[in-house]
Amino acid sequence: MRANYLIVLIGPTGVGKTSTSLAISNRFNAPIISADSRQFFKEMKIGTAAPTPNQLKEADHYLVGHKSITERYSCGMFEMDALSILNNIYQTNPMAMLVGGSMLYIDAVCSGIDDFPTPDAELRESLEKQLKEDGIEALRAQAKLLDPEQYNKIDLKNPQRVLKVVEVCLQTGKPYSSFLNQQKKKRPFTTIKVGLNRPREELYSQINSRVDQMIEDGLVDEAKKLYPYKGSNALKTVGYREIFEYFDGKITLDKAIELIKRNSRRYAKRQLTWWARDNEIKWFNPEEQENIMEFIETEVNKKQSP
RNA sequence: GGUGCCAUAGCUCAGUUGGUAGAGCAAAGGACUGAAAAUCCUUGUGUCCGUGGUUCGAUUCCGCGUGGCACCA
């Protein structure tokens with residue numbers, strides 16, 4: 001049986017994944033699947049630094065702008081979409097690439113994620129209301145009752161975590177922990193993980209100037225069109241939230257820009273924290289393109305002839 | 001040129017009636033199973049401008065120097 005490969009290209013926001021991905025794609029004839037939880041949405045092009053039409057022409061791309069912000073999308077759905085696309089690609093081509101910055105989504109494709117029911121919108125809403133009115137204490141008490149095992153594991157100060165446990169328990173009648181299986185899923189492909197990073201200072205100044213570029217490219221106009229949907233999950237995102245605050249008169253535009261920069265920097269830091277524990281990743285500076293190519297080639301050869 | 005004010009964390013500043021110092025922001029570290037560009041936790045990083053003096057002891061008081069700001073010429 002022929003081996004299939006998935007080149008996984010990751011790195012913090014603004015490090016330069018897109019251009020590196022095009023080079024790798026061309027070199028190894030590997031179609032690109034985006035793993036960017038905000039570039040999925042077709043209305044959010046500028047604020048997510050989505051690949052331009054020209055860049056999209058340079059290689060085959062999947063899962064970029066394939067959803068609307070009015071639709072609900074989750075990392076479980078992404079896992080299924082990505083796997084089915086990969087399955088198609090591997091019919092004719094042993095190489096594919098996963099590129100993005102959404103940590104959980106990438107892990108879902110590489111090692112799988114346990115099956116949870118899709119959340120019920122009404123239940124979510126009522127739990128959110130409860131959280132707002134009665135505070136996190138009330139939800140905590142429910143979580144403790146419904147799933148004591150999970151209650152002991154989660155961060156009790158984090159409302160999203162507590163709410164999720166209660167939600168799953170109420171929706172299914174079974175404890176949240178019963179859905180956890182902790183096992184890595186078997187995948188019909190070998191992953192080659194390439195991480196991109198640069199010195200922190202350099203990364204930050206790149207992030208800052210990319211935000212300025214977004215403003216120049218018309219982020220404010222893009223956000224204006226999306227303002228009516230500002231409650232949607234997709235738009236709870238760096239780059240849009242801050243502009244919405246400006247529209248609401250809460251802050252000045254300059255302040256909004258400053259906050260977008262800061263929040264992007266913090267996001268980059270969170271990404272790096274997540275990946276720090278993944279020792280399958282081989283890290284490179286994006287400038288060392290030839291080294292990256294060599295590394296991928298070696299890995300392919302190594303894994304082909306054990 | 002003269003007079004006055006200021007000089008403390010990356011930034012804006014507080015403070016020590018003389019016993020080597022603390023806020024906000026920025027930043028750093030961490031967690032993470034369908035909201036994940038989300039959500040949450042932890043942390044003060046310092047030649048207190050330089051130099052001489054007084055003092056057991058000076059970032060603090062005094063002199064001088066340097067830099068900045070303001071006003072007067």
Side-chain angles (χ1 to χ4, degrees), chain A residues 10-15 17 34-41 44 46-50 67 69 71-82 100-121 123-125 127-128 131 136 139-140 147 150 153-165 167-168 171-172 176-185 200-201 203-204 207-208 210-211 214 219 231-243 255 258-278:
Chain A
I10 57 162
T13 189
V15 78
K17 290 187 292 292
S34 166
D36 188 304
S37 71
R38 291 301 185 266
Q39 287 180 11
F40 300 146
F41 300 100
M44 303 166 64
I46 299 173
T48 61
K67 287 280 162 188
I69 50 168
E71 295 175 85
R72 220 184 160 79
Y73 200 57
S74 69
C75 80
M77 293 157 87
F78 173 76
E79 181 193 9
M80 291 195 306
D81 287 346
S102 301
M103 307 87 91
L104 184 61
Y105 286 61
I106 290 160
D107 285 1
V109 173
C110 294
S111 11
I113 189 167
D114 292 316
D115 291 323
F116 280 92
T118 348
D120 178 79
L123 178 62
R124 169 67 60 90
E125 223 171 279
L127 288 172
E128 270 169 2
L131 175 67
I136 193 169
L139 276 181
R140 251 184 236 157
D147 190 348
Q150 196 61 16
K153 278 193 227 159
I154 57 167
D155 177 2
L156 295 171
K157 287 182 180 164
N158 189 330
Q160 285 189 2
R161 295 279 130 73
V162 180
L163 190 145
K164 187 69 201 167
V165 171
E167 180 183 72
V168 170
Q171 194 176 327
T172 62
Y176 179 99
S177 45
S178 71
F179 292 92
L180 297 176
N181 138 20
Q182 311 279 15
Q183 264 185 356
K184 271 194 152 191
K185 288 185 184 162
R200 194 63 70 89
E201 221 174 285
L203 177 65
Y204 281 4
I207 288 173
N208 293 343
R210 194 172 74 159
V211 172
M214 286 176 184
L219 179 60
S232 82
N233 184 49
L235 288 171
K236 285 183 189 164
T237 297
V238 176
Y240 295 90
R241 268 183 170 179
E242 296 86 352
I243 303 279
K255 182 72 182 169
E258 195 188 311
L259 288 175
I260 293 172
K261 290 176 180 173
R262 183 198 68 183
N263 292 337
S264 300
R265 277 180 252 135
R266 290 181 175 173
Y267 173 49
K269 201 154 85 74
R270 270 180 278 134
Q271 291 175 300
L272 290 169
T273 299
W274 179 288
W275 290 318
R277 65 184 169 188
D278 186 343

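Throughout, a chain's letter reflects where its sequence line sits, starting with A, and its residues are numbered from 1. Quantities reported herein were computed from a predicted structural model and do not represent experimental measurements.
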Side-chain donor-acceptor contact under 3.5 Å, [X] with [Y]:
X	Y	answer
Arg38(A)	Ser102(A)	no
Asn263(A)	Arg241(A)	no
Asp36(A)	Tyr105(A)	no

Expressed in angstrom and rounded to an integer, what is the separation of [X] atom [atom1] from [N] atom [atom2]?
X	N	atom1	atom2	result
Arg200(A)	G10(B)	CZ	C1'	15 Å
Arg262(A)	C25(B)	CZ	P	9 Å
Asn158(A)	U39(B)	CG	C1'	4 Å
Tyr240(A)	A38(B)	OH	P	13 Å
Leu180(A)	C32(B)	CG	C1'	13 Å
Tyr267(A)	A35(B)	OH	C1'	13 Å
Leu156(A)	C32(B)	CG	C1'	14 Å
Asp278(A)	C32(B)	CG	C1'	14 Å

From the list [options], which nucleotide is the closest neighbour of the side chain of [X]?
X	options	answer
Arg124(A)	A35(B), C32(B), C40(B)	A35(B)
Leu104(A)	U33(B), A27(B), U39(B)	U33(B)
Asn233(A)	C40(B), G34(B), A36(B)	A36(B)
Lys157(A)	C40(B), U33(B), A35(B)	C40(B)

Provide the distance between the two [atom1] atoms, one in [N] and one in [M], to the nearest whole Å.
N	M	atom1	value
C49(B)	U59(B)	P	9 Å
A58(B)	U54(B)	P	11 Å
U16(B)	G29(B)	P	35 Å

Toward the 5' end of RNA chain B, which comes first, Val168(A) or Gln271(A), by nearest nucleotide?
-> Val168(A)
Which residue, Ala276(A) or Asn263(A), contacts RNA chain B at a nucleotide closer to its 5' end, judged by nearest heavy atom?
-> Ala276(A)
Would one find a side-chain N or O of [X] under 4.0 angstrom from OP1 or OP2 of [N]?
X	N	answer
Tyr204(A)	G10(B)	no
Arg38(A)	A38(B)	no
Arg266(A)	A27(B)	yes
Arg270(A)	C40(B)	no
Tyr105(A)	C32(B)	no
Lys164(A)	A35(B)	yes
Tyr73(A)	G34(B)	no
Ser102(A)	A36(B)	no

Taking the six-membered ring for Trp, are Tyr176(A) and Phe116(A) parallel (under 30°), tilted (30 to 60°) or perpendicular (over 60°)?
-> tilted
Base, sugar-phosphate, or nothing for [X], non-hydrogen atoms under 4.0 angstrom?
X	answer
Phe78(A)	nothing
Glu242(A)	nothing
Ile154(A)	nothing
Ser264(A)	nothing

My understanding is that a pair needs two contacts under 3.5 Å, Watson-Crick or G-U wobble. By that rule, which nucleotide pairs with [N]?
N	value
C48(B)	none
A27(B)	U43(B)
A9(B)	none
A38(B)	none
C71(B)	G2(B)
U60(B)	none
U17(B)	none

Find the distance between SG (Cys75(A)) and CE (Met80(A)) and round it off to the nearest 0.5 Å.
-> 11.0 Å
NZ or CZ of Arg277(A) within 45° of Trp274(A) ring axis and under 6.0 Å = yes
Thinking salt bridges, do Lys261(A) and Glu258(A) make one under a 4.0 Å N-O criterion?
-> no
Presence of donor-acceptor pair under 3.5 Å, side chain of Arg161(A) and base of A38(B) = yes
G68(B) glycosidic torsion: syn (within 90° of 0) vs anti = anti
